[in-house]
There are 2 protein chains.
Amino acid sequence: MSATIKDVAQSAGVSFKTVSRVMNGEEGVRDSTRKKVQDAATTLNFQINTSARNLRRRGSNLIALIISNPSRSYIENIQIGAMEWCSRNGFHLVVEDVSAHPKGLSDLLSRGAMAGVILIPPMSDDPDIQRQLIDKSIPFVRIAPETANDKAPSVRIDDRAAAREMTKKLITLGHSRIGLITGPSEFGVSRNRLAGYRDALVESGLTIEETLICEGAFSYPSGQSCTSDLFDLPAPPTAIFASNDDMAAGAIAETYRRGIAVPADVTIVGYDDVAVASVISPPLSTVRQPLKDMAAQAAALLLARIRDAQSEPQHIILPHSLVMRASHGPCGKT
Amino acid sequence: MSATIKDVAQSAGVSFKTVSRVMNGEEGVRDSTRKKVQDAATTLNFQINTSARNLRRRGSNLIALIISNPSRSYIENIQIGAMEWCSRNGFHLVVEDVSAHPKGLSDLLSRGAMAGVILIPPMSDDPDIQRQLIDKSIPFVRIAPETANDKAPSVRIDDRAAAREMTKKLITLGHSRIGLITGPSEFGVSRNRLAGYRDALVESGLTIEETLICEGAFSYPSGQSCTSDLFDLPAPPTAIFASNDDMAAGAIAETYRRGIAVPADVTIVGYDDVAVASVISPPLSTVRQPLKDMAAQAAALLLARIRDAQSEPQHIILPHSLVMRASHGPCGKT
DNA sequence: GAGCTAATTGACAACGTTGTCAATTTGGGA
DNA sequence: TCCCAAATTGACAACGTTGTCAATTAGCTC
């Protein structure tokens, strides 16, 4: 086994408490002593024992990212952002798939195991999980919750405004029959984006046709099948707004399958601006949300709560933008 | 704070050692006692303290997945496979981006922090990391190493044979000028796939043209630019074999950009069979490797080494297959 | 160089669990 | 009823670190 603090202390000729002080970069150690200890630690290839440290400190250096459907490309960016933040701040990221946990997260959340938890949709809106976390007094942060509350900090973009803007953009292009592929209704973001879509139509004096609204699953195949349904309508839409890019990619595929051209015959836009958006053909016009930033900021807010559980939970709204690539165009039909 | 073992012991009227026994499902506890303890634990909402347990057991319930370029879709599947295995086996997965760690992984690998480590390309072939792990006697497993060794177990497919088969398939389709987009040469898998490509050409009596071989970066843009280079050749290839699907997607995009049709004018095939392969148009013909399985099996081999560091490292080769979707066709030109 | 204060260092307990081994209880046969 | 082996339970130390507080040392001033 590798060396302990006591080994280092003996080798450096000081007490093990002094070694501890050096290891934690505390003040009040003479420079000469510090050097002696550091040399001894290097020589012995000393690595601190995290379990002992965490036990004594009643803390942890682990942050959990709880996800439910690991194959969403959305998650990739969140994870990267969180991972980078953790690296820079002395934490490690534990990624846990709640859907693979039949009987809940009890062992993951065992006392002191996690310093904090990052929740993404749909868990951001799951009252069950949040109650568990509060019961165990584990700090957590919510990414893209439907609405902010005072239980935990949150980071989001203004989904309603973003969806409204994109819809208005389509209206400006001359589209009046705009299909909407929503996410699952248990996602707060789905509801917010739907609301933004409705806002735009109402503001523009257009009627909302419920048949133009199709609930997808944030997945590629669900984008295909919703699109198929929309095209089978007696009066199909001239533009389709998918609530994420995976579904937009599915929509484009289904459109092509039917021999319909994008964007010449139909406009298709997405949401998120993940990797697939710039990779498919035509490159997707979409709503960009700064997912990596959101994750990093969420981690930062979480840290504040880890440090002081009484601190006021902060709520950050990050800016979004419309990235208009090549999958949109003016409405051909009148 | 939540309850400790001693609280439960007091509440159940037994010694804390007995509670410990119940918590660990040990033999030799009377059923009535066990029940009493379990009830008390439930009432008090007892959660074991992982740090204390790990300290005393000199172990950990954490497995690290070390990655270097988090945006490769390959990683998604590996991670899902590893995560699921961890859930089922009482571990948690820590995902760590080594490229975000300027000064190495020392703190991640601090004594006892990780029960074991899963290495994927290119770290599977990185002697530095492996030496670090051996020095600290942290068990590890290698996914898709260039060659197996006796330091650690490994899981892979036969990349050379797979690349050979795919190349032969293209030859059978009548192609004789086959472009190869390799991965970076520091990836063992790149070298193995290149070797398989060469094997097939040689066995078929075709000459190997080095200009038809372009080194990519396993990324979409690198697939585009290699393809561009290949098409700019005086005698461009009639088929392109990309060493992963991301690059194949880039190749298809660049092909379309030039007004060339896939598969009518040129055949493009990939490698991995990740999500993008069935999502792009046309659906990609590719080599399928069972990434999730590979990760799960790797974790299992790792566990064997965690349990007994002296156990013989095992090496598993999983079957691959050719998934011929719609991006390939016979050679038009003679 | 004595005396004082501030800086530095050390002794010891505590964190919550599991391992070791001894003590106690149980159950069955004589 | 007593005795013995087996089953069950408990007492106590140990894991490696950090927090508390006391002890020691260094650096000044006079």
Side-chain angles (χ1 to χ4, degrees), chain A residues 1-38 40-41 44-62 90 107 109-115 136-137 307, chain B residues 1-38 40-41 44-62 90 107 109-115 136:
Chain A
M1 266 323 269
S2 61
T4 74
I5 276 200
K6 295 196 180 180
D7 299 326
V8 177
Q10 190 166 18
S11 158
V14 297
S15 77
F16 62 91
K17 177 66 229 202
T18 298
V19 177
S20 167
R21 272 190 268 261
V22 173
M23 286 308 144
N24 290 292
E26 288 173 29
E27 301 290 308
V29 178
R30 202 181 315 242
D31 282 350
S32 59
T33 311
R34 185 181 299 276
K35 175 111 183 27
K36 233 177 10 182
V37 170
Q38 279 165 339
L44 294 177
N45 191 24
F46 169 74
Q47 296 291 138
I48 205 148
N49 181 315
T50 317
S51 297
R53 160 176 286 182
N54 287 342
L55 171 60
R56 193 58 173 90
R57 283 187 176 170
R58 298 155 169 280
S60 167
N61 60 340
L62 262 24
D107 74 312
L109 274 20
S110 60
R111 189 157 36 107
M114 297 293 143
K136 299 184 199 292
S137 49
R307 294 251 169 86
Chain B
M1 268 317 272
S2 62
T4 74
I5 275 202
K6 295 195 180 182
D7 299 325
V8 177
Q10 190 166 19
S11 157
V14 297
S15 77
F16 64 90
K17 177 66 227 203
T18 298
V19 177
S20 168
R21 271 190 268 261
V22 172
M23 287 308 145
N24 290 291
E26 287 174 30
E27 301 291 307
V29 179
R30 203 183 316 249
D31 282 351
S32 57
T33 310
R34 184 180 300 274
K35 174 113 183 30
K36 229 173 17 179
V37 170
Q38 279 165 341
L44 295 177
N45 191 24
F46 170 75
Q47 297 289 139
I48 204 149
N49 182 314
T50 318
S51 296
R53 162 177 283 181
N54 286 343
L55 171 59
R56 193 57 173 92
R57 283 187 176 170
R58 299 155 169 282
S60 166
N61 60 340
L62 263 25
D107 74 313
L109 273 22
S110 61
R111 187 160 35 109
M114 297 294 144
K136 298 186 198 292

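A quick note: this is a predicted structure, and the numbers were derived from the prediction, not measured. Hydrogens, waters and symmetry mates play no part in the numbers below; they use all other heavy atoms, side chains included. Lettering of chains follows the sequences in order, A, B, ..., and the numbering in each one begins at 1.
Rounded to whole Å, atom C1' of D:dT8 lies 12 Å from atom CG of B:D31. When the P atom of C:dT18 is taken as reference, atom CG of B:N49 falls 10 Å away, rounded to whole Å. For the pair B:L55 CG and C:dT18 P, the interatomic distance rounds to 11 Å; values are reported in whole Å. In this structure, NZ of A:K36 is placed 12 Å from C1' of C:dT8, rounded to the nearest angstrom. Across the protein-nucleic acid pair, B:K6 atom NZ and D:dT9 atom P stand 20 Å apart, rounded to whole Å. Put simply, CZ on A:F16 is 9 Å from P on C:dC12, counting in whole angstrom units. Distance, B:N54 CG to D:dC15 C1': 11 Å, rounded to whole Å. We find that CD of B:E27 is positioned 12 Å from C1' of D:dT8, with the value rounded to whole Å.
In this structure, B:T50 OG1 and B:R57 CZ are separated by 10.0 Å, a value rounded to the nearest 0.5 Å. Here the straight-line distance linking atom NZ of B:K36 with atom CZ of B:R30 works out to 9.0 Å at 0.5 Å rounding. Rounding to the nearest 0.5 angstrom, the gap separating the OG1 atom in B:T4 from the CG atom in B:N49 is 9.5 Å.
Mapping B:I5 and A:R34 onto DNA chain C by nearest heavy atom places A:R34 closer to the 5' end of the strand. Each of B:A52 and B:G28 has a nearest nucleotide on DNA chain D; the 5'-most of these lies closest to B:G28.
Closest to the side chain of B:I48, from the set C:dT17, D:dT18, D:dG16, is C:dT17. Comparing C:dT18, D:dT9, C:dC12 by their nearest atom to the side chain of B:R30 picks out D:dT9.
Note on A:T18: a side-chain N or O is less than 4.0 Å away from OP1 or OP2 of C:dG10. Phosphate contact (OP1/OP2 of C:dG16, side-chain N/O of B:R56, threshold under 4.0 Å): absent. The side chain of B:R58 places an N or O atom within less than 4.0 Å of a non-bridging phosphate oxygen (OP1 or OP2) of D:dG16. One finds no side-chain N or O of B:S15 lying less than 4.0 angstrom from the OP1 or OP2 phosphate oxygen of D:dT9. Between B:S51 and C:dC15 there is no side-chain N or O to OP1 or OP2 distance below 4.0 Å. Between A:T33 and C:dT9 there is a side-chain N or O to OP1 or OP2 distance below 4.0 Å. In this model, the phosphate group of D:dT18 is approached by a side-chain N or O of A:N24 to a distance below 4.0 Å at OP1 or OP2.
Scanning atom types as modelled, one donor and one acceptor separated by under 3.5 angstrom connect the side chain of A:K17 and the base of D:dG19. Taking 3.5 Å as the limit, the base of C:dG10 and the side chain of A:R21 contain a donor-acceptor pair of atoms between them.
For A:Q10, the CD atom counts as loosely surrounded, since its 6.0 Å shell holds 12 or fewer non-hydrogen atoms of other residues, nucleotides or ligands.
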Between B:K6 and B:V19, is a side chain to side chain contact (heavy atoms under 4.5 Å, CB included) present by the stated rule, with each step listed? CA-CA 8 Å; B:K6 295 195 180 182; B:V19 177; over 6 Å; no
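Here the closest non-hydrogen pair linking A:R53 and A:M23 is NH2-O, 4.4 Å.
Using a 4.0 Å heavy-atom cutoff across all strands shown, A:S20 reaches at least one base atom of the nucleic acid.
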